[in-house]
Amino acid sequence: MSQQIQLTQVAENVYEIPEDEGMEVPVRVYGSAALVEEMQTADDRTLSQGRNVATLPGIRKFAVVLPDGHQGYGFPIGGVAAVDTETGVISPGGIGFDINCGVRLLRTPLTADDVAGHEEELAERLYETVPCGLGKGGYLETNMDDLRGILDGGMEWMREAGHATEADLEHCEENGRLDGDPGKVPAEALSRGHNQVGSLGSGNHFLEVQRVADVYDAETAAAFGLAEDRIVVMIHSGSRGLGHQTCTEYVRRFERAFPDIADSLPDKQLIYAPLDEQVAEDYKQAMYAAANFAWANRQAMTQAVREVFADLLGVNTVELVYDVCHNIAKEERHRIDGGEDTLLVHRKGATRAFPAGRPEIPDAYRDVGQPVFIPGSMGTASYVLCGGERSLDLTFGSTAHGAGRLKSRMQAKKEYSAGELRRTLRERGIYVRARSGGTLAEEAPGAYKDVDEVIRVSDALNIGTKVARTVPICNIKG
DNA sequence: ATGTTC
């Protein structure tokens, strides 16, 4: 059924779908031969979706598919589309249903020896303290007024309410706040979100206690406050039901407002709104408000982690290294063909990876480069990278966001058994506490690409360079 | 990803 897309190799780890009829720009695909081959298997729509993205009005330079690219709603997950802010469009599929899904890393003063023997207890306490899985309940109790404050203020509201420090804000992309309008968030999204502040969610979301197993770049690691054997905590979560409902409703609004656009698309899921339309601006404002919610959510879980580490291990200095978004669109200045332009950069399953010097990077890291966190699949390694010097030229300042799914959730559920996975992990000293066995099977390492390979490509291309590798000690998930 | 199927 699916038509085979022809790729041309242009350099080591760099491939291209040449521009042809209907495309505004070519598609750049970054990956090793093995990773690119996985995108070319029968019925895989990653590359045809990449090609569809290249037809978007106002898209500049090239559509990007990253080494972890796999098929998603309309757009590939692991993709970047940068559009002109005047002639371009905004597309919910280029941002993702989980608005401002992202990853934050916390560092503790502990080493592996300090937590030895406490692994299971730690997993249990974290599991009890951070609501996970589908449905209602968050670590933080919030009413509707609080929710509006969160949607407007993000991490700033959290600080004013006593749930975040100034240092937390300073170590967050955008300082944990974008200028959105809570009034543009659909009422149903509000009702789904108001009691989910500080909740993990399901699927590939997790909270993991990790040990820094390898350091590749000691100087940069030191700048990030990391060293070998140090205990860190990684949180991967997003905007829960609120972001999902916001995306769903604006997809519907766009379809209704622009039936002619909907009819003309190569894929219905590519639906977009021209940026000069009011509904495009409304979606952007709602998306930024939902992004603020996601930051508050990750911050609330950070407070839960602090509570557990203080109670259980007497540790009162759990500090935020950084917090990255991997499902968002932001206006940024980029150089194309010698000129500098303001572009709306859609990153879906793509992490901003700005090199040293960019004004967006917080003071603490500006001379080094932006920290980037890339979780592997459950039970494998995760990576800390640093924004690379070539990222602005190759990927609009972006790199991958994870291992990248290889098998569908349904296929994984058929192939793997939760009990066996739990046993295998435990034999390796990793405690996994999950609310649902189904989720465990869906997230089996075999369902994902090889994260080491994804990282190797990012490092070799110098879009995000290797700083450290972390391995799990205990993991909680929905 | 998701009150996992409007």
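Proteins come first, then strands; the chains are lettered A, B, ... in the order of their sequence lines, and each starts at number 1.
Within 4.0 Å of A:Ser239, counting heavy atoms only, lies no atom of the nucleic acid at all. As judged by a 4.0 angstrom heavy-atom cut-off over every strand, A:Glu442 is placed among residues making no nucleic acid contact. At the heavy-atom level, A:Gly241 lies under 4.0 Å from the strands shown only through sugar-phosphate atoms.
Atom CG in A:Asn327 sits roughly 11 Å away from atom P in B:dT2 (whole-Å rounding). Per the geometry, CZ belonging to A:Arg252 stands 17 Å off P belonging to B:dT2, to the nearest Å. The separation between A:His244 atom NE2 and B:dT4 atom P is 9 Å, rounded to whole Å. In this entry the distance linking NZ of A:Lys268 with C1' of B:dC6 reads 12 Å, nearest Å. Atom P of nucleotide B:dT5 and atom CD of A:Gln245 are separated by 14 Å, given to the nearest angstrom. Summarising the geometry, the separation between CZ on A:Arg435 and P on B:dT2 is reported as 12 Å, rounded to the nearest angstrom. Between the CG atom of A:Asn100 and the P atom of B:dT2 there is a distance of 13 Å, given to the nearest Å. Atom CZ of A:Arg409 and atom C1' of B:dT5 are 16 Å apart (whole Å).
Counting non-hydrogen atoms of neighbouring residues, nucleotides and ligands closer than 6.0 angstrom, the CD atom of A:Glu37 reaches no more than 12 such neighbours.
Ring-plane geometry between A:His70 and A:His401 is classed as parallel, the angle between the planes falling under 30 degrees on a 0 to 90 degree scale with a further cut at 60.
The shortest distance between the side-chain N/O atoms of A:Arg240 and the OP1/OP2 oxygens of B:dT2 is below 4.0 Å.
Ion pairing between a basic and an acidic side chain is recognised when a charged N comes within 4.0 Å of a carboxylate O; A:Glu173 and A:Arg104 show no such pairing.
Side-chain atoms of A:Ser417 come within 3.5 Å of backbone N or O of A:Glu420 as a donor-acceptor pair.
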